[in-house]
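Just below is one structure, and these are the notes that go with it.
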Amino acid sequence: MKIGFVGTGHMGGSIALALHNSGHELLLHNRTEAKAQALCGRLGACAKVATLGEAVDCDYVFVGVKPKDVEGLLQDPAWATCPGVIVSMVAGLPIAKLQGYLPAKPLIRILPNTPVAVGQGLTLAVYGEGVSEAKRAEFAALYVPTGKLAIVKEDELDSASVLTGSAPAYLDYFVDALIQAGVALGLDPAAAKEYVLGMCQGTIALCLASQQSPLELGKAVCSPGGSTIEGVEQLLQGGLYDMVRKAAFATDRKNRNMLE
């Protein structure tokens with residue numbers, strides 16, 4: 001198959017990286033051609049820089065541009081002859097509005113996260129009415145190298161993406177804070193990073209394998225009068241749960257007003 005990418009930024013590039021060994025031809029178009037060329041260099045022989053017309057003349061076309069740029073982009077006459085399924089990654093753009101730009105085209109709306117680049121992503125997806133069952137199955141098979149695909153109701157998409165699309169950044173900041181704390185305690189920065197990332201990997205694996213909730217697992221580490229509970233109490237006193245809730249609600253509000 002031919003897979004087009006219109007917009008080769010962080011998310012488009014991450015999906016292209018996940019698909020580059022899948023045997024498909026990847027056509028990359030970006031307003032700044034140098035960005036498409038740089039990604040093409042990372043992908044190798046399966047990819048080439050393309051014009052907009054070439055990128056939309058594909059079996060699937062991933063659209064990953066900023067919300068403020070989408071209206072001008074989708075008014076280009078090239079879209080009228082697009083033969084395939086259009087996969088929108090544009091935040092805040094519902095299928096109904098997308099259909100207004102692209103009438104009679106089969107549409108899928110997805111919100112991926114950055115781990116798709118290493119095949120460990122979790123992508124939320126909504127299928128438009130024009131996507132047949134056969135095409136839904138084909139897309140799900142195409143998308144396997146990126147990680148997991150979760151089909152959701154569109155009215156749940158914005159809130160769910162707080163936990164899947166934005167929260168990786170929350171976690172990245174927490175991981176960095178732990179590394180910096182380790183350095184402040186006198187550890188070598190590279191060693192601190194190795195310890196923290198190894199700890200995260202093992203802790204997530206335990207959460208996935210255990211019948212206990214993450215909170216129960218955390219409490220099990222906190223022996224009364226021990227050192228761990230001393231640190232946990234500092235996090236709780238500092239308002240950990242309230243900070244996370246505020247971050248989630250702030251992200252959700254922005255998700256729902258992205259095009260305003």
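As the structure is a computational prediction, the values presented were derived from the model and not from experiment.
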Please check this pair: side chain of Asp59 against backbone of Gly84, looking for a donor-acceptor N/O pair closer than 3.5 Å. no
Hey, does His20 have a side-chain heavy atom less than 4.5 Å from the side chain of Leu26? yes
Evaluate the side-chain proximity of Tyr60 to Leu142: yes if any heavy-atom separation is below 4.5 Å, no if none is. yes
Rounded to the nearest 0.5 angstrom, the CH2-OH distance for Trp79 and Tyr101 is 13.0 Å
Do the side chain of Lys105 and the main chain of Ile86 share a donor and acceptor less than 3.5 angstrom apart? no
Any non-hydrogen side-chain atom of Thr146 less than 4.5 Å from a side-chain atom of Pro112? no
To the nearest 0.5 angstrom, please state how far the CZ atom of Arg136 sits from the CD1 atom of Ile108. 8.5 Å
Using the rule that two of Ile, Leu, Val, Met, Phe, Trp, Tyr join whenever any of their side-chain heavy atoms come within less than 4.5 Å, decide whether Val131 and Val87 are in one cluster. yes
Check: Cys207 main-chain N/O paired with Ser210 side-chain donor or acceptor under 3.5 Å: no
On a heavy-atom basis, the closest approach of Leu111 and Ser161 is CD1-CB, 3.6 Å
Answer yes if Val6 and Tyr143 sit in the same cluster of Ile, Leu, Val, Met, Phe, Trp and Tyr residues linked by side chain heavy atoms under 4.5 Å apart, and no otherwise. no
From CG (Leu122) to OG1 (Thr114), nearest 0.5 Å: 11.0 Å
Using every non-hydrogen atom in the two residues, find where Ala125 and Ile110 come nearest and quote the distance to one decimal. CB-CG2, 3.9 Å
I'd like to know if the side chain of Glu54 and the backbone of Leu27 have a donor-acceptor N/O pair within less than 3.5 Å. no
Flag yes if more than 12 heavy atoms outside Glu33 fall under 6.0 Å of its CD atom; otherwise flag no. no
Beyond-backbone contact of Val90 with Pro67, side-chain heavy atoms, under 4.5 angstrom: yes
State the NZ-CG distance between Lys97 and Leu74, to the nearest 0.5 angstrom. 11.0 Å
Co-membership, hydrophobic cluster, residues Met199 and Leu240, 4.5 Å side-chain: no
Please determine whether the number of non-hydrogen atoms from other residues, nucleotides or ligands lying under 6.0 Å from atom CD of Glu129 exceeds 12. no
Please report the C-alpha distance between Cys222 and Thr228 in whole Å, then the side-chain angles of each, then the deciding distance to 0.1 Å, and finally whether the side-chain contact (heavy atoms from CB on, under 4.5 Å) criterion is met. CA-CA 5 Å; Cys222 297; Thr228 302; 3.8 Å; yes
Roughly how far, to the nearest 0.5 Å, is CD of Gln37 from OG1 of Thr8? 10.0 Å
In terms of heavy-atom contacts, does NZ of Lys135 have more than 12 from other residues, nucleotides or ligands at under 6.0 Å? yes
Stepwise, does the salt bridge (Lys or Arg N to Asp or Glu O under 4.0 Å) test hold for Lys219 with Glu216? CA-CA 5 Å; Lys219 287 182 175 180; Glu216 290 170 330; over 6 Å; no
Flag the pair Asp252 / Asp158 as yes when at least one side-chain heavy-atom distance between them is below 4.5 Å, and no otherwise. yes
Leu17 side, atom CG; Leu39 side, atom CG - distance, nearest 0.5 Å: 5.5 Å
In terms of heavy-atom contacts, Asn255 and Val162 come closest through ND2-CG2, 3.9 Å
According to the interplanar angle, ranging from 0 to 90°, do the rings of Phe62 and Phe5 count as parallel (below 30°), tilted (30 to 60°) or perpendicular (above 60°)? parallel
Heavy-atom check, side chain of Thr251 versus side chain of Tyr170, under 4.5 Å: yes
Looking at Lys2, I want to see if its NZ is surrounded by more than 12 non-hydrogen atoms of other residues, nucleotides or ligands under 6.0 Å. yes
Heavy atoms only: give me the nearest Gly238-Met243 pair and the separation to one decimal. O-CE, 3.9 Å
Please give me the minimum heavy-atom distance between Ala36 and Asn30, naming the atom from each residue. CB-CB, 4.0 Å
For atom OH of Tyr195, decide whether the heavy atoms of other residues, nucleotides or ligands shown that lie under 6.0 angstrom number more than 12. no
Are any side-chain N or O atoms of Asp57 and backbone N or O atoms of Gly53, one a donor and one an acceptor, separated by less than 3.5 Å? no
Would you call Phe249 and Arg253 a side-chain contact if the rule is heavy atoms closer than 4.5 Å? yes
Do the side chain of Gln99 and the main chain of Leu102 share a donor and acceptor less than 3.5 angstrom apart? yes
Joint cluster assignment, Leu52 & Leu98, ILVMFWY side-chain distance < 4.5 Å: yes
Any side-chain donor paired with an acceptor under 3.5 Å for Asn113 and Thr164? no
Hphob cluster co-occupancy, Leu19 + Val144, side-chain heavy atoms under 4.5 angstrom: no
Would you indicate whether the side-chain heavy atoms of Met89 and Ile15 approach each other to under 4.5 Å? yes
Here the pair of heavy atoms bringing Ser159 nearest to Arg256 is OG-NH2, 2.7 Å
